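The structure appears below as structure tokens.
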Number of protein chains: 2
Amino acid sequence: MRLSARTHYALRAAAELAAAPPGPVPAERISTAQRIPRRFLDNILLQLRRAGLIHSQRGPDGGYWLARPADQITLAEVIIVIEGVPQDNEAFFGASEPLEKVWATLRENETRVLTGVTLAHLADGSLPTL
Amino acid sequence: MRLSARTHYALRAAAELAAAPPGPVPAERISTAQRIPRRFLDNILLQLRRAGLIHSQRGPDGGYWLARPADQITLAEVIIVIEGVPQDNEAFFGASEPLEKVWATLRENETRVLTGVTLAHLADGSLPTL
DNA sequence: CCTGATTCCTACTAAATAAGTCGGGTTAGG
DNA sequence: CCTAACCCGACTTATTTAGTAGGAATCAGG
């Protein structure tokens, strides 16, 4: 799979929000709970907010919260927001042509798992049969 | 999955060797058949040889060939040779802990497919049920 | 034993990506 | 108006990627 540190952080931050009681969670809290460098986290949360995945509130008692119920946000969605859509522009010739099908299979497996797990699953520790 | 261009080239080169009739295949041929930059290919083939995956012969009528029967070389093996062993050093805390299991599942799926497909499968276009 | 085809090998480079950091601006509550 | 928080673009440093360069070593055939 190979995901960037940024993406791992985003997923962990999202998990933290999903597990928190309702109401704004300040970045500082997420940062310490998940051991994510504070300024970097700001940056990531900003990206999640711009993508519409979370909402935010400034000022005292401000913070971040999920824009939708945790069981309606999949890991795949978070990953896409951070990594962007994967673009494959490989070409296959002759003997290597069957590789295309192998990659397709791999991608399907991946997608199936990542769209099958939601933030709610992470929050209550009950993973679905994958 | 995300593999480097180098790894894709290695796989395609290996597929080409698997599909060729017995005997040395010159790099030049692989390069044109699979549209791989010549000098870069040299470099990659060298790495495959040092790993013991292929053999080579210099001079006229020289070239490269598989060190073992094509049905005994898996895609996983080629990938490991080029990419090295993947090292994950992520740590999980609290709400994000279940992620570990998700990544494990993903890795298992991947491994199952990549160790299940051999160069022989590519060569004769008969992929196993994945 | 010379010639040309072919592999072998180290080193180099330009561009992209990754992983943060920095400095300050903006907003809201008390 | 003060303080806690988010907002935002730009910057930096290191690593990886995708090759390229230049030539040395080897081997078959004539």
Side-chain angles (χ1 to χ4, degrees), chain A residues 1-13 16-17 20 23-32 34-67 79 82-91, chain B residues 2-13 17 20 23-32 34-67 79 82-91:
Chain A
M1 188 56 203
R2 178 54 193 161
L3 298 173
S4 65
R6 186 180 182 86
T7 303
H8 282 288
Y9 288 156
L11 288 165
R12 280 160 52 189
E16 195 67 25
L17 291 181
V25 181
E28 187 59 34
R29 188 118 81 89
I30 304 174
S31 169
T32 57
Q34 291 295 328
R35 313 271 218 289
I36 303 172
R38 179 56 212 281
R39 305 297 291 256
F40 197 17
L41 177 61
D42 275 359
N43 205 302
I44 294 165
L45 289 169
L46 191 59
Q47 189 173 358
L48 292 178
R49 201 215 38 167
R50 281 176 173 160
L53 234 51
I54 63 178
H55 288 143
S56 64
Q57 165 82 26
R58 298 210 258 205
D61 291 318
Y64 299 89
W65 63 95
L66 297 179
I79 292 172
I82 303 293
E83 306 250 303
V85 287
Q87 50 182 2
D88 64 346
N89 34 8
E90 210 199 351
Chain B
R2 176 56 191 159
L3 299 173
S4 64
R6 187 180 182 85
T7 303
H8 281 289
Y9 287 156
L11 288 165
R12 280 160 51 190
L17 290 181
V25 181
E28 187 59 34
R29 188 119 77 90
I30 303 174
S31 170
T32 55
Q34 292 295 329
R35 312 272 218 287
I36 303 172
R38 179 57 213 280
R39 303 298 294 253
F40 197 16
L41 177 60
D42 274 359
N43 206 303
I44 293 165
L45 289 169
L46 192 57
Q47 189 172 358
L48 292 178
R49 201 215 41 165
R50 282 176 172 159
L53 234 54
I54 62 178
H55 288 144
S56 64
Q57 165 82 25
R58 297 209 260 205
D61 290 318
Y64 300 87
W65 63 95
L66 297 178
I79 292 172
I82 303 293
E83 306 248 305
V85 287
Q87 50 184 2
D88 62 348
N89 33 9
E90 212 199 351

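The sequence lines fix the lettering, A, B, ..., with proteins before strands; numbering per chain opens at 1. Since the structure is predicted, the reported quantities are computational estimates derived from the model, not experimental observations.
- By the 4.0 Å N-to-carboxylate-O rule, Glu90(B) lies close enough to Arg12(A) to be salt-bridged with it.
- The shortest non-hydrogen separation linking Tyr64(B) to Leu45(B) is CE1-CD1, 3.5 Å.
- The separation between His55(B) atom NE2 and dC8(C) atom C1' is 16 Å, rounded to whole Å.
- Rounded to whole Å, atom C1' of dC8(C) lies 13 Å from atom CG of Leu41(B).
- Computed from coordinates, the Ile36(B) CD1 to dT20(D) C1' distance equals 16 Å when rounded to whole Å.
- The CD atom of Gln47(B) sits 17 Å away from the P atom of dT7(C) (whole-angstrom rounding).
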Inset, instruction - Please lay out, stage by stage, how Arg6(A) and Glu83(A) fare under the test side-chain contact (heavy atoms from CB on, under 4.5 Å). - result: CA-CA 9 Å; Arg6(A) 186 180 182 86; Glu83(A) 306 250 303; over 6 Å; no
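- A 6.0 Å sphere centred on CZ of Arg29(B) holds no more than 12 heavy atoms belonging to other residues, nucleotides or ligands.
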Protein-nucleotides 4-11 of chain D N/O pairs closer than 3.5 Å?
| unit_1 | atom_1 | unit_2 | atom_2 | d |
| --- | --- | --- | --- | --- |
| dC6(D) | OP1 | Ala27(A) | N | 2.6 |
| dC6(D) | OP2 | Arg38(A) | NH2 | 2.9 |
| dC7(D) | OP1 | Arg49(A) | NH1 | 3.1 |
| dC7(D) | OP1 | Ser56(A) | OG | 2.5 |
| dC7(D) | OP2 | Tyr64(A) | OH | 3.1 |
| dC7(D) | O4' | Arg58(A) | NH1 | 3.0 |
| dC8(D) | OP2 | Arg49(A) | NH2 | 2.8 |
| dC8(D) | O5' | Arg50(A) | NH2 | 3.2 |
| dG9(D) | OP2 | Arg50(A) | NH2 | 3.3 |

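- Residues from residues 4-13 of chain A that place a heavy atom under 4.0 Å from any atom of DNA chain D: there are none.
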Inset, instruction - Start with the C-alpha distance between Arg49(A) and Leu53(A), add both sets of side-chain angles, then the distance that settles side-chain contact (heavy atoms from CB on, under 4.5 Å), and finish with yes or no. - result: CA-CA 6 Å; Arg49(A) 201 215 38 167; Leu53(A) 234 51; over 6 Å; no
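- The closest donor-acceptor contact from the side chain of Ser31(A) to the backbone of Pro37(A) lies at 3.5 Å or more, if one exists at all.
- Atom CD in Glu83(A) sits roughly 9 Å away from atom P in dA19(C) (whole-Å rounding).
- Atom pair Leu48(B):CG and dT7(C):C1' shows a separation of 14 Å (rounding to whole Å applied).
- In this structure the side chain of Ile82(B) reaches within 4.5 angstrom of the side chain of Leu48(B), judged on heavy atoms.
- One can place CZ of Arg29(B) at 15 Å from C1' of dA5(C), the figure rounded to the nearest angstrom.
- Closest approach of Trp65(B) and Gly23(B) over heavy atoms only: CB-O, 4.0 Å.
- In this structure, the CD1 atom of Ile44(B) is 17 Å from the C1' atom of dT10(C), given to the nearest Å.
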Inset, instruction - Given side-chain contact (heavy atoms from CB on, under 4.5 Å), test Met1(A) with Arg2(B) step by step and report yes or no. - result: CA-CA 6 Å; Met1(A) 188 56 203; Arg2(B) 176 56 191 159; over 6 Å; no
